[in-house]
A.B. asks: 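Below you'll find the structure I mean.
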Amino acid sequence: EAKRAGGNVCTMFEPAMRERAARRADIESDLRQALVEDQLFVVYQPVVGLREDGGTDLSAGVEALVRWQHPVRGVVPPFEFIQVAEESGLIGALGDFVLRRACRDFMAWQRELGDQAPRLMAVNLSRAQLGQPDWPATVRAILAAEGMRPSQLQLEVTESLAAQDQQVQDRLHELKAIGITLALDDFGTGYSSLSSLHQLPVDTVKIDRSFVCQADTSQHHRVLIEATVKVAQSLGMNTVAEGIETEAQAAAVREQQCAKGQGYLFSRPLTSPALLDWLRTSMQIAA
Ligand code: C2E
Ligand code: MG
Ligand code: MG
Ligand code: MG
């Protein structure tokens, strides 16, 4: 731990660092409590199909996103606690909670909406979850318990994760062998590269919001999106444009043949009952 602090013990006593360490410790102990007291919940953001005829398929799928109803601080967003969960070993319990809840809600929607229910559930995955050798078996058990088909689940991994050591690669292939699909999240950030896409065992590429938000205004970003979609298509992979906020951005990614989209333009992440309302209302309007 001393090493991680930079090797220089003095820096540990700088007020800003001490504050950060204290805040981290607070989050960690509060998070431990949250898992026991059921303060975590899951919201779902629609992932819509961008049909070639210009229409929008509202039932293509959703992405599960964790939230924390903190007793004092209100709703805490994931960027404030996912990393702490990963570093403290709580991510295993958190991840299992999200997966189980997501599968349960997904099956409830099938009963409520029949063939108008979302067809795919995407769940974010952390490195630490793949570190557990028995994790693919856990996923299989959760799917079986909830009555969900493996093909209805998609796990989202980042490129730095998907390109990691053999152990991670093996586990990803095990998940694929079960029939679960994999999506590459936040593509275009980090050290992502088009030339290594073919080495990754993914079925879907999610183009990062930082590209999509300039899809309509920057030629450079448009070209990058176009290239990503072309390479993905040639490898038999699906594409999703993340973070679509305007009609102009939606039109731009549609023009680049991106198959699916996700973003505030269509819907913010919603609780399960709100998602049901959104689907029912939007389909009525579309009908
Ligand atoms: P992500 O997987 O890339 O998820 C997309 C994020 O973009 C979500 O933020 C979503 O609310 C946000 N977003 C969607 N559409 C728009 C838009 O049009 N504009 C803008 N500005 N933002 C949009 P959120 O929910 O805060 O999650 C942040 C990140 O936290 C996720 O990024 C994911 O990496 C991580 N995360 C969330 N839930 C989980 C989880 O259950 N497990 C793990 N391991 N990570 C999670
Ligand atoms: Mg994601
Ligand atoms: Mg992400
Ligand atoms: Mg993303």
A.B. asks: Indicate, with yes or no, if V43 and V98 share a hydrophobic cluster defined by side-chain heavy-atom contacts under 4.5 Å among Ile, Leu, Val, Met, Phe, Trp and Tyr.
C.D. replies: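 In one cluster: no.
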A.B. asks: Would you kindly confirm whether Y264 and L50 end up in one hydrophobic cluster when ILVMFWY residues are joined by side chain heavy atoms under 4.5 Å apart?
C.D. replies: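 Each belongs to a different hydrophobic cluster.
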A.B. asks: For a quick test of your reading: what N or O donor-acceptor pairs under 3.5 Å do the side chains of residues 125-134 make, sequence neighbours left out?
C.D. replies:
{"residue": "S126", "atom": "OG", "partner": "E86", "partner atom": "OE2", "Å": "2.8"}
{"residue": "R127", "atom": "NE", "partner": "Q164", "partner atom": "OE1", "Å": "2.5"}
{"residue": "Q129", "atom": "OE1", "partner": "S126", "partner atom": "N", "Å": "2.9"}

A.B. asks: Is there a path from F211 to V223 through hydrophobic residues (I, L, V, M, F, W, Y) whose side chains come within less than 4.5 Å of each other?
C.D. replies: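 No; V223 is not reachable from F211 via cluster members.
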A.B. asks: Would you check if there is a donor-acceptor pair between the side chains of T181 and Q154 at a distance under 3.5 Å?
C.D. replies: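 T181 and Q154 do have a side-chain donor-acceptor pair below 3.5 Å.
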A.B. asks: Compare every heavy atom of W68 with every heavy atom of A34, then report the nearest pair and how far apart it is.
C.D. replies: CB-NE1, 3.3 Å
A.B. asks: Nearest 0.5 Å please: distance from the OG1 atom of T204 over to the CG atom of D185.
C.D. replies: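 That separation rounds to 11.0 Å.
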A.B. asks: Regarding Q249 and E245, is there a side-chain donor-to-acceptor distance under 3.5 Å anywhere?
C.D. replies: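 Not at all, the side chains of Q249 and E245 share no donor-acceptor pair under 3.5 Å.
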A.B. asks: Is there side-chain contact between L153 and V139, with heavy atoms separated by less than 4.5 Å?
C.D. replies: yes
A.B. asks: Residues two or more places apart in sequence or in another chain: which of them pass salt bridge (charged side-chain N to carboxylate O under 4.0 Å, His left out) with D57?
C.D. replies: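 If we apply the salt bridge (charged side-chain N to carboxylate O under 4.0 Å, His left out) test to D57, skipping adjacent residues, the hits are R119.
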A.B. asks: Taking the side chain from S282 and the backbone from L279, do they hold a donor-acceptor pair closer than 3.5 Å?
C.D. replies: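 Side chain of S282 to backbone of L279, a donor-acceptor pair under 3.5 Å: no, none is there.
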A.B. asks: Is there a path of hydrophobic side-chain contacts, each under 4.5 Å between heavy atoms of I/L/V/M/F/W/Y residues, joining I207 to L200?
C.D. replies: yes
A.B. asks: Using a 4.5 Å cut-off on heavy atoms from C-beta on, say whether the side chain of L58 contacts that of W278.
C.D. replies: yes
A.B. asks: Taking the side chain as everything from C-beta on, heavy atoms only, tell me whether R149 gets closer than 4.5 Å to L143.
C.D. replies: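 Side-chain contact under 4.5 Å: no.
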A.B. asks: Quick one: are T246 and L265 in side-chain contact, heavy atoms under 4.5 Å?
C.D. replies: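 Result no, sub-4.5 Å side-chain heavy-atom pair not found.
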A.B. asks: Let's go through R23 and E80 carefully: what are the C-alpha distance in whole Å and the side-chain angles of both, what is the deciding distance for salt bridge (charged side-chain N to carboxylate O under 4.0 Å, His left out) to 0.1 Å, and is it a yes or a no?
C.D. replies: CA-CA 10 Å; R23 186 170 157 74; E80 291 198 35; 2.9 Å; yes
A.B. asks: As an exercise, state the distance from OG of S193 to CZ of F187, rounded to the nearest 0.5 Å.
C.D. replies: 6.5 Å
A.B. asks: Answer whether the closest heavy-atom distance between the side chains of S59 and M283 falls below 4.5 Å.
C.D. replies: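 Heavy-atom side-chain distance check passes, below 4.5 Å.
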A.B. asks: At what distance, to the nearest 0.5 angstrom, does CG of L270 lie from CZ of R268?
C.D. replies: 10.0 Å
A.B. asks: Please report the interatomic distance CD(E242) to SG(C213), rounded to the nearest 0.5 Å.
C.D. replies: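 Separation between the atoms: 11.5 Å.
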A.B. asks: Show every salt bridge (charged side-chain N to carboxylate O under 4.0 Å, His left out) that has at least one partner inside residues 28-40, sequence neighbours left out.
C.D. replies: R24-E28, E28-R32
A.B. asks: Are T56 and R254 linked by a side-chain donor-acceptor pair shorter than 3.5 Å?
C.D. replies: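 Side chains of T56 and R254: pair found under 3.5 Å.
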A.B. asks: Run through the side-chain heavy atoms of Ile, Leu, Val, Met, Phe, Trp and Tyr, join any pair under 4.5 Å, and report what else lands in V47's cluster.
C.D. replies: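 Besides V47, the hydrophobic cluster comprises V240, listed by chain and residue number.
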A.B. asks: Any pair with a residue in residues 23-51 that passes ring-ring contact (aromatic ring centres under 6.0 Å, His included), sequence neighbours left out, goes on the list, sorted by first then second residue, please.
C.D. replies: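 Non-adjacent pairs meeting ring-ring contact (aromatic ring centres under 6.0 Å, His included): Y44-W109.
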A.B. asks: Donor-acceptor pair, distance only, cut-off 3.5 Å: does the side chain of D203 make one with the backbone of L182?
C.D. replies: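 Yes, because the side chain of D203 sits within donor-acceptor range (under 3.5 Å) of the backbone of L182.
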A.B. asks: If you take all heavy atoms of V42 and F97, which pair is closest and at what distance?
C.D. replies: CG2-CE2, 4.0 Å
A.B. asks: Answer whether the closest heavy-atom distance between the side chains of I82 and V66 falls below 4.5 Å.
C.D. replies: yes
A.B. asks: What closest approach, in Å, do R209 and G243 show between heavy atoms, and which atom pair accounts for it?
C.D. replies: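 Here R209 and G243 meet closest at CD-CA, 3.7 Å.
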A.B. asks: Taking the side chain as everything from C-beta on, heavy atoms only, tell me whether L197 gets closer than 4.5 Å to L184.
C.D. replies: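 Contact flag for L197/L184 side chains = yes.
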A.B. asks: For a quick check under 3.5 Å, do Q262 and Q45 share a side-chain donor-acceptor pair by atom type?
C.D. replies: yes
A.B. asks: What's the spacing between E174 CD and I180 CD1 if we round to 0.5 Å?
C.D. replies: 10.5 Å
A.B. asks: What pair of heavy atoms forms the shortest contact from C258 to A241, and how long is it?
C.D. replies: SG-N, 3.5 Å
A.B. asks: Mind listing the closest non-hydrogen atom pair of F106 and M121 along with its distance?
C.D. replies: CD1-CB, 3.7 Å
A.B. asks: Look at atom CZ of R140 and say whether more than 12 heavy atoms of other residues, nucleotides or ligands are closer to it than 6.0 Å.
C.D. replies: no
A.B. asks: Q110 side chain to P118 main-chain N or O, any donor-acceptor pair under 3.5 Å?
C.D. replies: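 Answer holds: yes.
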A.B. asks: Would a single hydrophobic cluster contain both L155 and M107, if residues Ile, Leu, Val, Met, Phe, Trp and Tyr are joined by side-chain heavy-atom contacts under 4.5 Å?
C.D. replies: yes
A.B. asks: Restricting to non-hydrogen atoms, name the atom on N124 and the atom on E156 that form the minimum distance, rounded to 0.1 Å.
C.D. replies: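 In terms of heavy atoms, the two residues are closest at OD1-OE1, 3.2 Å.
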A.B. asks: Is any side-chain heavy atom of Q214 closer than 4.5 Å to a side-chain heavy atom of H220?
C.D. replies: no
A.B. asks: When rounded to the nearest 0.5 angstrom, what distance separates CG in L99 from CZ in R104?
C.D. replies: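 One gets 11.0 Å once the value is rounded to the nearest 0.5 Å.
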A.B. asks: So does E112 pair up with R280, basic N to acidic O under 4.0 Å?
C.D. replies: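 Salt bridge: yes.
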A.B. asks: Could you go through R73 and D26, starting from their C-alpha distance and side-chain angles, then the distance that decides it, and tell me whether this counts as side-chain contact (heavy atoms from CB on, under 4.5 Å)?
C.D. replies: CA-CA 12 Å; R73 294 166 56 204; D26 280 350; over 6 Å; no
A.B. asks: Less than 3.5 Å apart, which donor and acceptor atoms pair up between the side chains of residues 229-239 and the rest of the protein, not counting sequence neighbours?
C.D. replies:
{"residue": "K230", "atom": "NZ", "partner": "E226", "partner atom": "OE2", "Å": "3.1"}
{"residue": "S234", "atom": "OG", "partner": "V231", "partner atom": "O", "Å": "2.7"}
{"residue": "T239", "atom": "OG1", "partner": "A259", "partner atom": "N", "Å": "3.4"}

